[in-house]
**Student:** 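Below is one structure. I have some questions about it.
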Protein chains: 2
Amino acid sequence: MDRRQRKTRDAIFNAFSRLLSKKNYNQISVQEIIDEANVGRTTFYAHFETKDFLLKSLCEELFDHIIDTAMGMPHSHSRLTCGLEADSVFLHLLRHLQENDLNILALLSSENNEIFLRYFKSNLKKLIVSQYAEKGRLKKSNLPEDYLVNHISSSFVEAVSWWITRKMKETPEQITEYFLATVDMLAL
Amino acid sequence: MDRRQRKTRDAIFNAFSRLLSKKNYNQISVQEIIDEANVGRTTFYAHFETKDFLLKSLCEELFDHIIDTAMGMPHSHSRLTCGLEADSVFLHLLRHLQENDLNILALLSSENNEIFLRYFKSNLKKLIVSQYAEKGRLKKSNLPEDYLVNHISSSFVEAVSWWITRKMKETPEQITEYFLATVDMLAL
DNA sequence: TTAATACAAAACAAACTGTTCGGTTTTATT
DNA sequence: AATAAAACCGAACAGTTTGTTTTGTATTAA
């Protein structure tokens, strides 16, 4: 990828993150973004069709980043599903979040966390299906697998959200413990 | 309240709901709302400061409506906390949702459900605190009460969301069963 | 060096926002 | 029934945002 492209792309992402840490997504205009990023109007629209696409791209990029660094498998989180113990996956994710990536925290803090967390959750579902469901590690219950996977994903995302909004006072291990305490009779 | 006020207020609410069932909240403009509601521009802003306030008002109104009709306690859901069995509260809520109030479904279906559900959830938390926590009916655990209440509320809201997005194929009783299966070892 | 590509700056029409003004209809009061 | 208050409408407004186009410059890869 052209050095120039990567440069403006990053400039836009960073500007966007900075703005997200100050105000709501809805209240941010493209104008503000290009001002903050010091980038031409034309350039912005050459990179991102709309503000929504920018957000989506940022989420994708951050999710890939989280997964890659948390798992130590650069450039291929499609291999996520291979040979990792379940709780260590969750623990790794939490540990990585604790390392305070500026961009990630901007997306997770305050009003905007739902945007990223929705994206996060949908990817988490896939992960859980491949990690648990396909390998028959969900405890048998009367619940539809669909429902169960959604419940577990939500519970984890909610745990993360709860943790972040309260300034991450607990350790990742503690949060993992909380999380498992609510779902470990359903799956492990 | 002046009949005229109630009338335009309803017209705006209904128009807004109709639009919400078609497109995203973000993509709806005030212009569209007042066109759909057949209401003057000035009138809209006399009623609602911004689009966000309109949304908030609609959520409040619908939540009150759900609570009132589900509990049969018109005009006072502050007395919600008196003498109702816990699971019947959930069941009542689900039964009421099944009666297909147009406005509520508009807020719950598709892309927009998070908006109302966040509001729903925060009220649910209060309800759970007063129903369970204050009466010592949360099973003892290592979890902070805060965390537990959030988990239970989220689980219910997620259950509702799951139910609705899949066209409410199950009965309210069935969903209550699913919900309780995931949390009844934590509280009852 | 050359040709492609990424960028900037400015201008553009179209739409949206929130407010103001003058005038009309409805409601509650007497 | 008469009147005053309140709610409404329509039009116009300045300001902002959006997404596109155009013209020209700088950077990159070949």
Side-chain angles (χ1 to χ4, degrees), chain A residues 1-61 75 103 106-107 110-112 114-115, chain B residues 1-61 64 75 103 106-107 110-112 115:
Chain A
M1 177 183 256
D2 200 316
R3 246 179 261 128
R4 290 172 292 178
Q5 283 193 53
R6 187 70 257 170
K7 209 173 137 191
T8 57
R9 199 178 156 85
D10 284 346
I12 292 175
F13 276 153
N14 289 329
F16 189 42
S17 290
R18 251 173 280 140
L19 291 172
L20 275 175
S21 65
K22 285 184 213 148
K23 36 163 59 177
N24 274 359
Y25 172 74
N26 297 334
Q27 302 168 15
I28 299 174
S29 67
V30 174
Q31 191 63 53
E32 284 176 288
I33 300 173
I34 66 185
D35 286 347
E36 178 83 21
N38 226 321
V39 148
R41 182 169 207 70
T42 329
T43 309
F44 177 89
Y45 283 107
H47 279 264
F48 304 100
E49 202 173 336
T50 72
K51 209 180 68 176
D52 284 335
F53 278 92
L54 166 61
L55 178 64
K56 202 186 163 195
S57 298
L58 181 57
C59 286
E60 283 171 5
E61 199 129 313
H75 303 301
N103 291 336
L107 266 182
S110 73
E111 300 294 326
N112 305 113
E114 293 184 14
I115 301 171
Chain B
M1 178 182 255
D2 199 317
R3 247 179 261 129
R4 290 171 292 179
Q5 284 193 54
R6 187 70 257 170
K7 210 172 137 193
T8 57
R9 201 178 155 83
D10 284 346
I12 292 175
F13 276 153
N14 289 329
F16 190 41
S17 290
R18 251 171 281 140
L19 291 172
L20 276 175
S21 64
K22 286 185 211 146
K23 37 168 46 180
N24 273 359
Y25 171 74
N26 297 333
Q27 303 168 13
I28 299 173
S29 67
V30 174
Q31 191 62 53
E32 285 177 286
I33 300 173
I34 66 185
D35 286 347
E36 178 82 22
N38 226 320
V39 148
R41 182 171 208 70
T42 327
T43 308
F44 177 88
Y45 283 106
H47 279 263
F48 305 100
E49 202 172 337
T50 70
K51 208 179 68 174
D52 284 335
F53 278 92
L54 166 60
L55 178 63
K56 202 185 163 195
S57 299
L58 181 56
C59 285
E60 283 171 4
E61 197 128 315
D64 286 356
H75 305 300
N103 291 338
L107 266 182
S110 73
E111 300 293 326
N112 306 112
I115 301 171

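Residue numbers begin at 1 in each chain, while the letters A, B, ... track the order of the sequences.
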**Student:** Expressed in angstrom and rounded to an integer, what is the separation of B:Q27 atom CD from C:dT17 atom P?
**Tutor:**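 Roughly 13 Å, once rounded to whole Å.
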**Student:** Considering residues at least two apart in sequence or located in another chain, which fulfil the salt bridge (Lys or Arg N to Asp or Glu O under 4.0 Å) criterion with A:R6?
**Tutor:**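 If we apply the salt bridge (Lys or Arg N to Asp or Glu O under 4.0 Å) test to A:R6, skipping adjacent residues, the hits are A:D10, A:E61.
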**Student:** Using whole Å, report how far CG of B:N26 lies from C1' of D:dT18.
**Tutor:**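 Going from CG in B:N26 over to C1' in D:dT18 covers 15 Å.
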**Student:** Can the ring centroids of B:F13 and B:F48 be said to lie less than 6.0 angstrom from one another?
**Tutor:**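 Yes, the ring of B:F13 comes within the 6.0 Å limit of the ring of B:F48, centre to centre.
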**Student:** Is the closest side-chain heavy-atom distance between B:S57 and B:H47 below 4.5 Å?
**Tutor:**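 B:S57 vs B:H47: side chains apart.
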**Student:** Find the bend of the helix from C:dT1-D:dA30 to C:dT30-D:dA1 as the angle between its two terminal axes (five pairs each), to the nearest 10°.
**Tutor:**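 Axis angle across the helix from C:dT1-D:dA30 to C:dT30-D:dA1, nearest 10°: 40°.
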**Student:** Side-chain contact, heavy-atom cut-off 4.5 Å: B:I33 with B:L54?
**Tutor:**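 Yes, close enough: below the 4.5 Å cut-off.
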**Student:** Might you list the N or O atoms of the protein lying below 3.5 Å from N or O atoms in nucleotides 28-30 of chain D, with each pair's distance?
**Tutor:**
none

**Student:** For A:D2, what residues pass the salt bridge (Lys or Arg N to Asp or Glu O under 4.0 Å) criterion, not counting sequence neighbours?
**Tutor:**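 If we apply the salt bridge (Lys or Arg N to Asp or Glu O under 4.0 Å) test to A:D2, skipping adjacent residues, the hits are A:R4.
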**Student:** B:K7 NZ to C:dT25 P: how many Å, rounded?
**Tutor:**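 Going from B:K7 (NZ) to C:dT25 (P), I get 14 Å.
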**Student:** Does the side chain of A:F16 come within less than 4.5 Å of A:L55's, by heavy atoms?
**Tutor:**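 Heavy-atom side-chain distance check passes, below 4.5 Å.
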**Student:** For the pair made of CD1 in B:I33 and P in C:dG18, what is the distance, rounded to whole Å?
**Tutor:**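 Spelled out: CD1 on B:I33 to P on C:dG18 is 11 Å.
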**Student:** Using a heavy-atom distance cut-off of less than 4.0 Å, which residues of residues 38-52 of chain B contact DNA chain D?
**Tutor:**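 Heavy-atom contacts with DNA chain D come from B:N38, B:V39, B:G40, B:R41, B:T42, B:T43, B:H47.
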**Student:** Going by heavy atoms in the side chains, are B:S17 and B:L107 under 4.5 Å from each other?
**Tutor:**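 No; the side chains remain at least 4.5 Å from each other.
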**Student:** Any heavy-atom pair between the side chains of B:I34 and B:Y45 that's under 4.5 Å?
**Tutor:**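 Contact flag for B:Y45/B:I34 side chains = no.
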**Student:** How close or far is atom C1' of C:dT26 from atom CZ of B:R9, stated in whole angstroms?
**Tutor:**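 Interatomic distance, CZ of B:R9 to C1' of C:dT26: 19 Å.
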**Student:** Nearest to the side chain of A:Q5, which nucleotide is it out of D:dT18, C:dC16, C:dA6?
**Tutor:**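 Per side-chain heavy atoms of A:Q5, the pick is C:dA6.
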**Student:** I want to confirm an ordering. Mapping A:R6 and B:I28 to their closest nucleotides on DNA chain C, which one lands closer to the 5' end?
**Tutor:**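 Residue closer to the 5' terminus by nearest nucleotide: A:R6.
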**Student:** State, with a plain yes or no, whether a side-chain heavy atom of B:K51 is found less than 4.5 Å away from one of B:S29.
**Tutor:**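 The answer is no; the side chains never approach within 4.5 Å.
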**Student:** Could you give the CD-to-C1' distance, from B:Q31 to D:dC9, as a whole number of Å?
**Tutor:**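 For the pair B:Q31 CD and D:dC9 C1', the rounded distance is 14 Å.
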**Student:** What is the distance from CG of A:D10 to C1' of C:dA6, rounded to the nearest Å?
**Tutor:**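 One finds 15 Å between C1' of C:dA6 and CG of A:D10, rounded.
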**Student:** May I ask you to test the B:I28-B:N24 pair for a side-chain heavy-atom distance under 4.5 Å?
**Tutor:**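 Counting from C-beta outward, B:I28 and B:N24 never come under 4.5 Å.
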**Student:** Would you mind listing every salt bridge (charged side-chain N to carboxylate O under 4.0 Å, His left out) that reaches into residues 26-36 of chain B, with sequence neighbours excluded?
**Tutor:**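 Counting only pairs at least two positions apart or across chains, the salt bridge (charged side-chain N to carboxylate O under 4.0 Å, His left out) contacts touching residues 26-36 of chain B are B:R18-B:E36, B:K23-B:E32.
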